[in-house]
Amino acid sequence: MSDAGLAHATTAMAERGASPAAIATFDRFYRMLESGEQGLIPESTIAPLTDVTTLEGVAASEADRRAALAKVVVIKLNGGLGTSMGLSGPKTALKVRGELTFLDIIAQQTLALRQRYAVDLPLLLMNSFRTREESLEILAAYPDLPVAGLPLDFIQNAEPKLTADTLEPVSWPADPELEWCPPGHGDVYVSLQGTGLLYALRQRGIRYAFLSNADNLGATCDPDIAAWLLANDIPYAAEVCERTANDRKGGHLAVRTRDNQLILRDSAMVVPGEDEHFQDNTRHTLFHANNLWVDLDELAALMERSGGLVPLPVIVNRKTVDPTDPSSTPVIQIESAMGAAIEVFPGSQAIAVPRKRFRPVKSTNELLLVQSDIFDLDADANLVSRITHSEPAISLGKPYKFVPDYLARFPQGVPGMRECTSLTVDADATFGAHVTCVGDVTISGEPRVIPDGATLTGTL
């Protein structure tokens with residue numbers, strides 16, 4: 001039954017134009033799934049990661065920074081639609097600082113680094129077919145952004161969702177596109193190879209790729225890290241940050257005890273019943289920021305040895321074919337994480353970076369924070385905090401979950417937050433202009449309008 005499912009799936013991928021490497025990768029993961037592989041990492045097989053290099057300890061000279069950046073490409077993962085935030089297009093098309101979208105800021109950051117260090121520094125988006133058109137329209141406002149001989153983007157692969165009980169490709173005539181899914185961001189390596197970009201970049205003398213999520217504006221291309229990689233001939237490096245209670249459900253690096261190899265453990269890789277260990281931030285004190293640096297020469301050699309693929313652990317993601325309809329057909333999406341590649345590069349390392357390099361926007365809570373007066377953009381389009389104390393904890397209720405509803409409740413912009421320590425909004429409140437939050441603020445009860453110029457403190 002599953003042999004037929006594999007044949008149907010790979011035939012469909014070939015008809016859709018998938019590369020041989022993408023099909024081979026799916027074949028490998030399918031067989032792992034069929035054999036019962038779940039990609040789980042027991043706590044008994046790992047030790048905490050403790051002693052790591054810090055960014056503060058790798059400062060380079062201006063000459064070394066320039067030489068290193070000349071050998072780097074910036075790759076931003078831009079396939080997400082932001083559906084969990086009520087968006088139907090690319091999340092990065094959302095205006096996040098005034099009239100500037102995520103993509104505007106990324107473009108400006110890239111151009112500023114080029115000007116400062118007199119290097120090309122290519123920028124590539126890994127788009128999905130759903131995000132490509134609108135994203136490239138935004139970047140068209142920056143005619144100097146393309147680098148001669150290279151595109152601004154490439155398209156990640158797609159694979160069939162599998163019916164959970166038969167492992168056959170699911171059929172969903174109501175919307176056939178829902179029969180397909182991305183293979184997780186571990187697909188970035190296969191997509192680079194399948195599009196010919198891995199070869200093209202290496203031909204240009206590009207040694208390292210800096211990969212990060214496009215919704216993380218803190219993930220700028222740091223020239224000190226690039227110089228450290230080159231000086232030490234490091235094949236792969238992952239950025240990590242100090243873990244707090246808010247990061248307990250995020251992935252972390254660990255040391256595999258049988259061979260002392262660094263590995264990534266995401267929440268989907270936790271053995272049932274071991275969440276307590278996974279979420280113990282006194283044991284696993286550093287979390288994985290998903291900012292990665294990969295030696296493209298080492299990547300090419302690895303893929304050549306492995307038959308054109310990267311032998312990553314499988315992630316089995318169980319969903320319904322229509323993610324908005326829990327009663328629709330249960331499916332399995334076979335995925336992988338790009339950060340899991342740390343275990344297939346001997347000599348891979350972690351580097352501890354400040355929290356400012358981890359600024360993802362996964363909900364309207366983070367959106368409000370990034371849009372607030374706590375941050376400014378400096379001359380190089382870097383997001384800079386204007387406070388010296390801890391950032392406020394923000395918890396917005398259900399009326400604010402989706403971006404259109406959120407924007408309707410902040411028609412004149414979000415409140416001033418520099419003196420705020422926490423903001424909890426349980427009520428359906430619409431905020432006027434120039435509202436300021438001070439200390440701990442809780443808004444509950446009946447729907448209301450917060451008047452222009454109000455200063456909020458305590459419980460309302």
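Model, not experiment: these values are computed from the prediction.
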S.K.: Assess whether a salt bridge exists between Glu43 and Arg265, defined as any Lys/Arg side-chain N lying under 4.0 Å from an Asp/Glu carboxylate O.
M.R.: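 Here Glu43 pairs with Arg265 in a salt bridge, since their nearest N and O are under 4.0 Å apart.
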S.K.: Do Asp247 side-chain atoms and Thr244 backbone N/O form a donor-acceptor pair below 3.5 Å?
M.R.: yes
S.K.: Looking only at the side chains, is there a donor atom on one of Asn317 and Glu335 sitting less than 3.5 Å from an acceptor on the other?
M.R.: yes
S.K.: How many angstroms lie between CG in Leu69 and CZ in Phe210, if you round to the nearest 0.5 Å?
M.R.: 11.0 Å
S.K.: Strictly below 4.0 Å, N to O, side chains only: are Asp376 and Arg97 in salt-bridge contact?
M.R.: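 Answer for the salt bridge query: yes.
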S.K.: Decide side chain to side chain contact (heavy atoms under 4.5 Å, CB included) for Ile75 and Leu192; before the verdict, give the C-alpha distance in whole Å, the side-chain angles of both, and the deciding distance to 0.1 Å.
M.R.: CA-CA 10 Å; Ile75 300 176; Leu192 280 172; 3.9 Å; yes
S.K.: Quiz question: by atom type and distance under 3.5 Å, do the side chains of Asp104 and Tyr142 form a donor-acceptor pair?
M.R.: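 There is such a pair between these side chains.
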S.K.: Distance only, no hydrogens: is a donor on one side chain within 3.5 Å (strictly under) of an acceptor on the other, for Thr220 and Asn382?
M.R.: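 Side-chain D/A pair, Thr220 to Asn382: absent.
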S.K.: Using the six-membered ring wherever Trp is involved, compare the ring planes of Tyr236 and Phe345 and label them parallel, tilted or perpendicular (cut-offs 30° and 60°).
M.R.: parallel
S.K.: So, are Asp215 and Lys362 salt-bridged, with charged N and O less than 4.0 Å apart?
M.R.: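 Yes, Asp215 and Lys362 are salt-bridged.
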S.K.: For Thr45 and Pro42, indicate whether the former's side chain and the latter's backbone hold a donor-acceptor pair under 3.5 Å.
M.R.: yes
S.K.: Let me see the working for Tyr199 and Gln193 under side-chain hydrogen bond (donor to acceptor under 3.5 Å, both in side chains), right down to the final yes or no.
M.R.: CA-CA 7 Å; Tyr199 175 80; Gln193 196 258 17; over 6 Å; no
S.K.: Quick test of your reading of the model: are Asp295 and Lys71 salt-bridged, counting only N-O distances below 4.0 Å?
M.R.: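 Answer for the salt bridge query: no.
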S.K.: Salt bridge between Asp27 and Arg31, side-chain N to carboxylate O under 4.0 Å?
M.R.: yes
S.K.: Any side-chain heavy-atom pair from Val441 and Thr424 closer than 4.5 angstrom?
M.R.: no
S.K.: Glu242 and Arg355: salt bridge (charged side-chain N to carboxylate O under 4.0 Å, His left out), yes or no, with the steps?
M.R.: CA-CA 7 Å; Glu242 185 177 352; Arg355 187 78 183 208; over 6 Å; no
S.K.: Does Phe358 offer a backbone N or O that forms a donor-acceptor pair with the side chain of Asn291 under 3.5 Å?
M.R.: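 No: the side chain of Asn291 does not pair with the backbone of Phe358.
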S.K.: Indicate yes or no: at least one non-hydrogen side-chain atom of Val188 is less than 4.5 angstrom from one of Gln156.
M.R.: no
S.K.: Go through Asp322 and Lys161 one step at a time and tell me if the salt bridge (charged side-chain N to carboxylate O under 4.0 Å, His left out) criterion holds.
M.R.: CA-CA 11 Å; Asp322 182 348; Lys161 298 176 183 178; over 6 Å; no
S.K.: For residues Trp293 and Tyr208, establish whether the separation of their ring centroids is below 6.0 Å.
M.R.: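 Centroid separation for Trp293 and Tyr208: 6.0 Å or greater.
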S.K.: Is the positively charged end of Arg359 above the ring of Phe102, judged by distance under 6.0 angstrom from the centroid and angle within 45° of the axis?
M.R.: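 Negative - Arg359 is either too far from the ring of Phe102 or too far off its axis.
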S.K.: Would Ile263 and Leu253 count as a side chain to side chain contact (heavy atoms under 4.5 Å, CB included) if you check the C-alpha gap in whole Å, the side-chain angles of each, and the deciding distance to 0.1 Å?
M.R.: CA-CA 6 Å; Ile263 63 170; Leu253 297 184; over 6 Å; no
S.K.: One pair to check against side-chain hydrogen bond (donor to acceptor under 3.5 Å, both in side chains): Ser348 and Gln261. What are the steps and the verdict?
M.R.: CA-CA 8 Å; Ser348 59; Gln261 175 65 42; 3.1 Å; yes
S.K.: When you check the side-chain N and O atoms of Thr92 and Asn78, is any donor under 3.5 Å from an acceptor?
M.R.: yes
S.K.: What's the verdict on side chain to side chain contact (heavy atoms under 4.5 Å, CB included) for Arg207 and Asp233, showing C-alpha distance, side-chain angles and the deciding distance?
M.R.: CA-CA 10 Å; Arg207 174 79 180 276; Asp233 203 27; 2.4 Å; yes
S.K.: Decide whether Arg357 and Ser212 meet the rule of one side-chain donor and one side-chain acceptor closer than 3.5 Å.
M.R.: no
S.K.: Can you confirm if the aromatic rings of Phe431 and Phe410 lie within a centre distance of less than 6.0 Å?
M.R.: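 Centroid distance Phe410-Phe431: below 6.0 Å, so yes.
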S.K.: Mind checking whether His252 and His284 have parallel, tilted or perpendicular rings, split at 30° and 60°?
M.R.: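 Ring orientation of His252 relative to His284: parallel.
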S.K.: Return the CD1 to OG1 distance between Ile225 and Thr53, rounded to the nearest 0.5 Å.
M.R.: 11.0 Å
S.K.: Does a donor on one side chain sit under 3.5 Å from an acceptor on the other, for Gln371 and Tyr406?
M.R.: yes
S.K.: Would Leu145 and Arg114 count as a side chain to side chain contact (heavy atoms under 4.5 Å, CB included) if you check the C-alpha gap in whole Å, the side-chain angles of each, and the deciding distance to 0.1 Å?
M.R.: CA-CA 10 Å; Leu145 194 58; Arg114 287 184 191 172; 4.1 Å; yes
S.K.: I'd like to know whether CD of Gln115 has more than 12 heavy-atom contacts from other residues, nucleotides or ligands below 6.0 angstrom.
M.R.: no
